[in-house]
Amino acid sequence: MKRIAVLTSGGDAPGMNAAVRAVVRTAIYHNIEVYGIRYGYKGLIEDDIFPMRSRDVANIIQLGGTMLKTARSKEFMTVEGRALAAEQLKKHNIDGLVIIGGDGSFKGACKLYAEHQVPIIGIPGTIDKDISGTDYTIGFDTAVNTAVEAIDKIRDTAAAHDRLFIIEVMGRDAGYIALNSGIATGAESVLVPERITNVERVLNMIDYDQKRKKNVHIIVVAEGDDFGAEALTHVLQNKFPEMEIRHSVLGHMQRGGSPSYYDRVQASRLGYHAVLALKEGKSQLMAGIINNEVKLSPLDEVVKKHQSIDDDLLDMVKILSS
Ligand code: F6P
């Protein structure tokens, strides 16, 4: 392994910069040249590739976003796009690739390997935490902390007005941000995409709380919930016209901001181990964290499975909010 490249792909996540920094500095330490690829697979296809030095990653560990920029590339989803990508890697004599991204990015990586045998190590980077083979994904911790801070503030105003708030948090296919921010803020109810929403149950709970004069409610709804925060707001307002109900969407603020200490440390560990794996001739693996140890799992298995959501935690929300 003489020369490797690193890219960030899909939605950005706080901590990606720490991982890029670790990849660059570990590679240089081991006398491996390292190239950065801007805008993920899009930049790879378009030859937006540049050599990186140690000082290029100075002063970035504390920054949100990704210094390499990111994109979701439609072209890379095609056989022709991947052939172009492989050609660029060959042109620059790049022997291995570190891909920091989510499930979609890893699916693309598997195809690149199958068609062009490019050695690849993946690092899970997504605020949604919806990747199997790891207990941790870069950005999740920071995103949940951001959601918690915002929901705490909303609870202040909800309490002042005796209002019910329906708060939508990110998570297109996964409810981890909703579940964890909901538990941490004492939400009365949490709705996630992994479970079919029982609206009747929510209505009954609010009815019961109204009768016992519990006036403040926080319902945290993941973006990908089958019923959805907006529809729920309408249903509740119709059913309880006397209640003051507000709908708040936290949105992309959850993707930004300075990464937490935890995201910086774990992302650094994953970047470091990804380079060591490539150096040892390993490929087609994802560096994840299981029981606080870095573990390598086959990329094609990781993309086949889905993280399951913890029933116990969902049950706990019901009990602790009663
Ligand atoms: O990165 C994951 C995620 O934040 C999802 O939770 C969300 O649905 C999606 O990205 C939003 O993507 P975009 O920024 O491209 O609209």
Side-chain angles (χ1 to χ4, degrees), residues 7-20 38-43 63-77 99-109 122-151 166-182 184 190-195 197 220-232 247-260 263 266-267 270 286 288 302-303 306-309:
L7 62 81
T8 50
S9 167
D12 63 307
M16 280 183 166
N17 281 326
V20 171
R38 291 189 197 90
Y39 297 103
Y41 293 132
K42 181 174 175 288
L63 302 178
T66 159
M67 61 97 64
L68 289 178
K69 311 270 191 172
T70 186
R72 302 189 202 272
S73 168
K74 286 209 176 89
E75 209 184 342
F76 192 76
M77 294 300 138
I99 293 169
I100 306 168
D103 198 54
S105 311
F106 293 162
K107 283 187 179 133
I123 295 179
T126 165
I127 62 163
D128 290 351
K129 203 172 90 77
D130 56 345
I131 298 181
S132 72
T134 183
D135 302 335
Y136 165 84
T137 63
I138 295 175
F140 175 71
D141 185 68
T142 307
V144 174
N145 279 316
T146 301
V148 165
E149 198 183 327
I151 297 169
I166 294 162
I167 304 172
E168 183 185 304
V169 298
M170 271 190 161
R172 192 167 25 206
D173 306 306
Y176 300 102
I177 297 178
L179 179 58
N180 287 280
S181 62
V190 172
L191 307 180
V192 296
E194 291 87 346
R195 298 286 178 274
T197 289
V220 178
V221 183
E223 180 191 349
D225 175 67
D226 65 313
F227 200 79
E230 202 174 336
L232 185 67
H247 172 208
S248 187
V249 180
L250 299 191
H252 285 78
M253 67 179 292
Q254 293 159 96
R255 283 235 300 259
S258 182
S260 65
D263 273 323
Q266 303 300 47
L270 294 178
M286 182 192 76
V302 161
V303 298
H306 257 281
Q307 274 266 28
S308 55
I309 204 141

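Note that ligands are numbered from 1 as they come in the structure, with each ligand's atoms numbered from 1 the same way.
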Participant: With no hydrogens and no angle check, is any side-chain donor or acceptor of Thr137 less than 3.5 Å from a backbone partner on Thr126?
Facilitator: yes
Participant: Which residue and non-hydrogen atom of the protein lie closest to atom 3 (C) of ligand 1, and at what distance in Å?
Facilitator: Arg255 NH1, 3.5 Å
Participant: Keeping Tyr176 on the side-chain end and Gln307 on the backbone end, is there a donor-acceptor pair under 3.5 Å?
Facilitator: yes
Participant: Does only the side chain of Asp12 get under 4.0 Å from ligand 1, or the backbone, or both, or neither? Count heavy atoms.
Facilitator: neither
Participant: Considering only protein heavy atoms, which is closest to atom 7 (C) of ligand 1, and at what distance to one decimal place?
Facilitator: Glu223 OE1, 3.4 Å
Participant: For atom 16 (O) of ligand 1, which protein heavy atom lies nearest, and how many Å away is it?
Facilitator: His252 NE2, 3.6 Å
Participant: Under a 4.5 Å cut-off applied to non-hydrogen side-chain atoms, are Arg72 and Lys42 in contact?
Facilitator: no
Participant: At what distance is the nearest protein heavy atom to atom 5 (C) of ligand 1, and which residue and atom is it?
Facilitator: Asp128 OD2, 3.2 Å
Participant: Could you check whether any side-chain N or O of Asp263 sits under 3.5 Å from a backbone N or O of Gly139, counting only pairs where one atom can act as donor and the other as acceptor?
Facilitator: yes
Participant: Under 3.5 Å, is there a donor-acceptor pair between the side chain of Glu168 and the main chain of Ala229?
Facilitator: no
Participant: Where does Arg72 meet ligand 1, judged by heavy-atom distances below 4.0 Å: at the side chain, the backbone, both, or neither?
Facilitator: side chain
Participant: Indicate yes or no: does an N/O atom of Gly171 lie under 3.5 Å from an N/O atom of ligand 1?
Facilitator: yes
Participant: When you compare ligand 1 with Thr126, is there at least one nitrogen or oxygen pair between them that comes in under 3.5 angstrom?
Facilitator: no
Participant: Does atom OH of Tyr39 have more than 12 heavy-atom neighbours, drawn from other residues, nucleotides or ligands, at distances under 6.0 Å?
Facilitator: no
